[in-house]
Each structure stands twice: as structure tokens, then as C-alpha cells.
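Just below is one structure, and these are the notes that go with it.
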There are 2 protein chains.
Amino acid sequence: MGKLRYGTSISLDGFVAGINQSVENPLGERGELLHGWLRELAVWRRDAGLEGGVTNASTELYEQSGVSTGAIIMGRKMFGGNGPWGDEPWRGWWGEDPPFHLPVIVLTHQPRDPIVMAGGTSFTFVTTGLQAALDMAREAAQGKDVAIYGGASVAKQYLAAGLLDELSVSLVPVFLGAGERLFDEPLNSAVKIEQTRVVEAPGVTHLRYRVIK
Amino acid sequence: MGKLRYGTSISLDGFVAGINQSVENPLGERGELLHGWLRELAVWRRDAGLEGGVTNASTELYEQSGVSTGAIIMGRKMFGGNGPWGDEPWRGWWGEDPPFHLPVIVLTHQPRDPIVMAGGTSFTFVTTGLQAALDMAREAAQGKDVAIYGGASVAKQYLAAGLLDELSVSLVPVFLGAGERLFDEPLNSAVKIEQTRVVEAPGVTHLRYRVIK
């Protein structure tokens, strides 16, 4: 069985997004500084349909993550659309061929039938909670890892519930000063972790932790 | 001229001390978890008059820091004693032979003559602010670095004033959940830093940043 993983970029002062997050600017003010290391990677740019870019110590991590992921869990906030789905329901931010190419489980309070997109992406909507969503994602992942995308709040719920297996933090040398913290109080300080891998790369350090069960 | 440095251990969720800090327990509840990597080092134990311990990737950093430091700045909170000094003034927590063996500049609002202790430690009290204390420490350091000890608040004042040259964070894989944050809001997000060294060691990752002037 694969792992349940969450990885995020974080500023040295602990923020995963700047202030004034919005639909147009989900990372908030100056939040794009957190992903500069990613956007300059040639592999990321290739996947985004862009040219150029560099290859460095972050490249292998990006590629490993892609290969080992078999399904994705995301929150309703990341999928988008507010409240009940309505007659012409929202189909996500990403057009008809989303960049995931994997089964995506969306945690929501609004029931809805699954939708199948182009390129191997499907969205399945789960209203019965964290464990149910994880069970469904694990089945879809067929032995590979399940990755939580976006949404620190979803990841923290899985961490608090003792369901997260691995936490990766890409620590970026920047101060955002304010915004959304990855770890706001009160966190479950009973959760025990151990450091399993550290990779220094240009403009970022990738730290991986195993949650001790 | 040497650098003005500050280094601290920090939990993955961003705390330099737990809740309920006190004179008896300056690191607060569970705060001792932040320094487990340090207390197990044979070099640290030797300096503390203890036996045993291990040698690992943290050892060289500990020794480098000691060799390169020529003077220390600390806040009144770390030196101890409250309010005016009185007739039999407080002489610090550390007895007549403190473990610093260096000139120590104490930032305070209460004027006082310098005191010379055994073993090369002296305490000089400065009431005229950050720059004056730094000037005095630099002169005392004779070309070596000036290190800020304890007191995240003192370090953050130097950082905000554009006077800090180097920030080192020893990131410990533990969640304190609550306590004193190294970076509480609002931080001066205008301060720019670059990552200059990363050392992975057992139970800790040491990250060093240069403040860009």
C-alpha cells in the first residue's frame, strides 16, 4: 500500500500563502515567491507547456513525486466553486484536460456524481469524511502513493487524524511576514515525526519527515 | 570585521520555546526537545563538564561557532534580574565562572558598571540601543564574529534594523504546538536572505542564511 503524502512550499517564517488570498490570486500577496524554485525547473515547465528552465537538485524530487503518485486528494477550496453545484456545475479551474492525469478525490459537503475529464483525470466527490476519501483514493492509486494537493487545512486534518504518512516541506529563504501559516496553533503536538531526507537545492531546501505511528 | 550572527533551534512548527516559560524553565513546556541534538554532542557535554556523548555532523558546526565568536550580545531577560540593579546586583545565572569565556554585552534599560568574572567572561551593560551595543561588541570581538545569545526578540530587533548579517536555524523534527514563535507577525518582509549552507544531522537540519544588504 502506498503512502499518504503531503508536500508544500513554506517561507522561512512559516507561511504557505501571503495575505489577501483570492480566487484570482490563491497564493496571496508575494506568495509566488514560494514557488520560484519550482517554476524555473525545466521539468515543471515542460509539464506546464512552457519552454526553457533549469535542471538542478530539485529536478529529481519533482520527477520522483510524479512517478510515485497514483491518486490525489484535494479540498473543495482548491477544486473551486461555492456551495451547491447547481445545474451547470463547475468543472474545476483547469479546463477539459487538467494537468493531474490521475484520479482526483475531492473532499466536499456537496454530493455529486464523478466526472471524467480528458487525459486520465477524473474527479470523484466524497462527502463522508477523511477516512472515506482516503480509502477511495488508495483504491484508485493501485498501490502507489496518495498525494494531498494544495490546501494546508486538508493536510492538517489528515495529520491530526493520524492518517498522514509523510510530510515534505520545501523551505524557501524568504519572509512573507504575514499570511496563511502551515502550522498555526493549536497543532496536535502529540504527532511524532522523524527527519528522513534533506535535499539542498538552489533557492530551497527540501525536508522530508515520516510520521511515526 | 566579523559578522553579527544569530542561531537558534526551532521546531518544525516554528517555535523557539514552549508555553509557560519561567525562570525555572526558560524553554517552556517540552522546549527541551529543541536541544536534544545539542545535549547529546560529546563536545557540548565536555564544555558543560559532562561525560559521554556522540560525534556527528552537528559537532563541526558547534566547534566552528565557538572558534569564530569573539563577543556576545544578550538581552536583559537572558542575563536575568528584574528592574533596577540595587545594592547587591545580580551577577547572572552562571556563577563566578560563566561558560562564555568572552566579553558579553548586555542590552538593558538600567545603567551599570561593567563586571569582570573569572575565565575571561565580562559583562558590559549598554543602555543606548542596538547600534551602540553592536559597536561595543565589535570592538571587543577584535575582528571575530559577534553572536547574539538566547532571546529571539533581541535577534529580531537586529534583523529588523538591518544589522544582522547571518541567521542560522536548527530545524528540529518536533511539533511544540504552541509557545514562543521565532517569526511572529508582523515581520519585516522587506528583509532579503539567501540560503548559504545546509547540514543534515541526526535529529536536526542546520540551515544558514545570509542577510542581503
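Every chain is numbered from 1, with letters handed out A, B, ... down the list of sequences.
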Of all heavy-atom pairs between A/Ile19 and A/Ala178, which one has the smallest distance, and what is that distance?
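Nearest pair, atom of A/Ile19 first, then A/Ala178: CG2-CB, 3.6 Å.
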Pick from B/Leu171, B/Leu167, B/Val204, B/Val169: which one has the most heavy-atom pairs with chain A under 4.5 Å?
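The option with the most such pairs is B/Val204.
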By salt bridge (Lys or Arg N to Asp or Glu O under 4.0 Å) - contacts of A/Arg112 (at least two apart):
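Not a single residue meets the salt bridge (Lys or Arg N to Asp or Glu O under 4.0 Å) criterion with A/Arg112.
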Taking only residues two or more places apart in sequence, or in another chain, which ones meet A/Lys3 in a salt bridge (Lys or Arg N to Asp or Glu O under 4.0 Å)?
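Only A/Asp145, A/Glu166 meet the salt bridge (Lys or Arg N to Asp or Glu O under 4.0 Å) criterion with A/Lys3.
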For atom [atom1] of [X], is the number of surrounding heavy atoms from other residues, nucleotides or ligands below 6.0 Å larger than 12?
{"X": "B/Gln64", "atom1": "CD", "answer": "yes"}
{"X": "B/Glu194", "atom1": "CD", "answer": "yes"}
{"X": "A/Glu63", "atom1": "CD", "answer": "yes"}

Check each atom of A/Ile10 against the heavy atoms of chain B and say whether the ones under 4.5 Å are side chain, backbone, both or neither.
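No part of it gets close to chain B.
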A/Val172 versus chain B, the contacting section by heavy-atom distance below 4.5 Å:
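For A/Val172, no heavy atom lies under 4.5 Å from chain B.
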Can you find a pair of side-chain heavy atoms, one from B/Leu12 and one from B/Val174, that are under 4.5 Å apart?
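Counting from C-beta outward, B/Leu12 and B/Val174 never come under 4.5 Å.
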Quick check: do A/Gln21 and A/Glu29 have side-chain heavy atoms less than 4.5 Å from each other?
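Not in contact.
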The single option from A/Leu164, A/Ile72, A/Leu134 passing side chain to side chain contact (heavy atoms under 4.5 Å, CB included) against A/Ile148:
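Checked A/Leu164, A/Ile72, A/Leu134 against A/Ile148; only one passes side chain to side chain contact (heavy atoms under 4.5 Å, CB included): A/Leu164.
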Applying a criterion of heavy atom separation less than 4.5 Å, what residues of residues 206-213 of chain B form contacts with chain A?
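Under the 4.5 Å heavy-atom cut-off, B/Leu207, B/Tyr209 qualify.
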Which residues in residues 40-47 of chain B have any heavy atom closer than 4.5 Å to a heavy atom of chain A?
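If one takes a 4.5 Å heavy-atom cut-off, no residue of residues 40-47 of chain B lies near chain A.
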Could you go through A/Trp94 and A/Phe100, starting from their C-alpha distance and side-chain angles, then the distance that decides it, and tell me whether this counts as ring pair (Phe, Tyr, Trp, His ring centres under 6.0 Å)?
CA-CA 9 Å; A/Trp94 308 278; A/Phe100 307 115; 4.9 Å; yes
Which is it for B/Phe125 and B/Trp85 under the ring pair (Phe, Tyr, Trp, His ring centres under 6.0 Å) test, yes or no, and what are the steps along the way?
CA-CA 11 Å; B/Phe125 302 87; B/Trp85 297 109; 5.2 Å; yes
